[in-house]
Amino acid sequence: MKNILLFLFIALLGCKPNNTNKAIVIEPVASGQSFNAAFLMIDRVYNSELMAPFDIFQHTIFHTDGGIQVFTVAETMDTVTSFEGLRLLPDYSFDSKNLPEIDILVVPSAEHNMDSDLENETLISWVSKIGGKADYVMSLCDGAFVLAKAGLVDGKESTTFPSDIDRYRETFPSLKVHEGVSFVHHDNLLTSAGGAKSYDVALYLVHHLYGDKVAKGVGRGLVIDWDVNDYDFIRVK
């Protein structure tokens, strides 16, 4: 009897599909193409969510033709003070006459993304207008709240900072929200858990645009061993 049960157990294991070790292959979609990436700076922005993707994107110019040109945008040209106390001067304001065309809009998390920022009509209107025309829109941590308020997450799947998942679901009950992943990629929208995970989604977008070799090169410059198969994320197709 024990031998029969053992045989059945082995047979079942042999029939079980093994998808866990299937390598992810991402073909580059924009080799040699240049992109302008605007980083939204809201007062009390968090350093990690701003600087991690900023560094990743900026380093692409050393690893591929074209690359990503980075700059910051704020509501006004006044100094922005980060949550941790850095004083930052934006490159452009919302109404700057010489504001470059924005291909990638990045919305890092700020202290009040879940409350007063959502009541800032000027901010939400600008994000909605610019994000609606951008090739890609990315949020880090609670920046997802701003994108959702601006209508840029409607009909798409997303994530946010782990401990704010419940608040996100309550605030935007119609959205499909994932938890337990580093980031979610749905169409042109990328949303990240934020914090140190902000590097993950930025390197992923570099891989998506320019391929594995470029992403690995950028990673090495920041002492990150990039392999897309090492990261927990969801890509909605």
Is there a continuous path of hydrophobic side-chain contacts, each under 4.5 Å between heavy atoms, that joins [X] to [Y]?
X	Y	result
Leu105	Leu190	no
Ile104	Val45	yes
Val29	Val228	yes
Ile68	Leu189	no
Tyr46	Val201	no

Residue among Asp232, Asp200, Thr159 satisfying side-chain hydrogen bond (donor to acceptor under 3.5 Å, both in side chains) with Ser182: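 Going through the options one by one, the only one that passes is Asp200.
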
Verdict with supporting geometry, Ile56 and Val206, side chain to side chain contact (heavy atoms under 4.5 Å, CB included): CA-CA 8 Å; Ile56 293 292; Val206 170; 3.8 Å; yes

Side chain to side chain contact (heavy atoms under 4.5 Å, CB included) assessment of Val70 paired with Phe35: CA-CA 9 Å; Val70 296; Phe35 291 88; over 6 Å; no

Identify all side-chain donor-acceptor contacts of residues 122-141 below 3.5 Å with residues at least two apart in sequence or on another chain.
residue, atom, partner, partner atom, Å
Ser128, OG, Ala150, O, 3.2
Tyr136, OH, His208, NE2, 3.1

Any non-hydrogen side-chain atom of [X] less than 4.5 Å from a side-chain atom of [Y]?
X	Y	answer
Arg235	Ile26	yes
Tyr168	Phe161	no
Lys156	Asp187	yes
Ser158	Phe172	no
Leu40	Phe94	yes
Leu50	Leu88	yes

N/O donor-acceptor pair under 3.5 Å between Ser82 side chain and Gly85 backbone: yes

Donor-acceptor contact present, side-chain Arg167 to main-chain Met114, <3.5 Å: yes

Euclidean distance, [Y] [atom2] relative to [X] [atom1], rounded to 0.5 Å:
X	Y	atom1	atom2	answer
Lys176	Glu157	NZ	CD	4.0 Å
Ser93	Asn98	OG	CG	8.5 Å
Asp55	Thr60	CG	OG1	11.5 Å
Leu175	His178	CG	NE2	11.0 Å

For [X] versus [Y], what's the shortest heavy-atom pair and its separation?
X	Y	answer
Asn113	Ser109	OD1-CA, 3.2 Å
Ala144	Val153	O-CG2, 4.4 Å
Ser34	Asp103	O-OD2, 4.3 Å
Phe57	Val106	CE1-CG2, 3.9 Å
Lys197	Ser192	O-OG, 3.7 Å
His112	Asp115	ND1-OD1, 3.0 Å

Counting only heavy atoms from other residues, nucleotides and ligands, does the tally under 6.0 Å from [atom1] of [X] exceed 12?
X	atom1	value
Asp225	CG	no
Glu84	CD	yes
Lys216	NZ	yes

Ring pair (Phe, Tyr, Trp, His ring centres under 6.0 Å) involving Phe183 - partner list, sequence neighbours excluded: Tyr204, Phe233

For His59, all residues meeting side chain to side chain donor-acceptor pair (under 3.5 Å), sequence neighbours excluded: none

Side chain to side chain donor-acceptor pair (under 3.5 Å) involving Thr160 - partner list, sequence neighbours excluded: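 Partners of Thr160 by the side chain to side chain donor-acceptor pair (under 3.5 Å) criterion, ordered by chain and then number, come out as Asp142.
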
Thr72/Phe54 under side chain to side chain contact (heavy atoms under 4.5 Å, CB included): CA gap, chis, key distance, verdict: CA-CA 9 Å; Thr72 58; Phe54 193 98; 4.0 Å; yes

Partner residues of Pro100 under the side-chain contact (heavy atoms from CB on, under 4.5 Å) criterion, sequence neighbours left out: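 With neighbours one apart ignored, the set is Asn36, Phe71, Tyr92.
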
Give the table of side-chain donor-acceptor pairs shorter than 3.5 Å for residues 73-80, with sequence neighbours excluded, one pair per line with atom names and distance.
residue, atom, partner, partner atom, Å
Glu75, OE1, Asn120, ND2, 3.1
Thr76, OG1, Asp78, N, 3.2
Thr76, OG1, Asp78, OD2, 3.3

CA sep, side-chain torsions, deciding dist, call: Trp226, Asp212, side chain to side chain contact (heavy atoms under 4.5 Å, CB included): CA-CA 8 Å; Trp226 172 255; Asp212 182 62; 4.0 Å; yes

Working for salt bridge (charged side-chain N to carboxylate O under 4.0 Å, His left out), residues Arg169 and Glu179: CA-CA 11 Å; Arg169 285 174 169 151; Glu179 56 185 316; 3.1 Å; yes

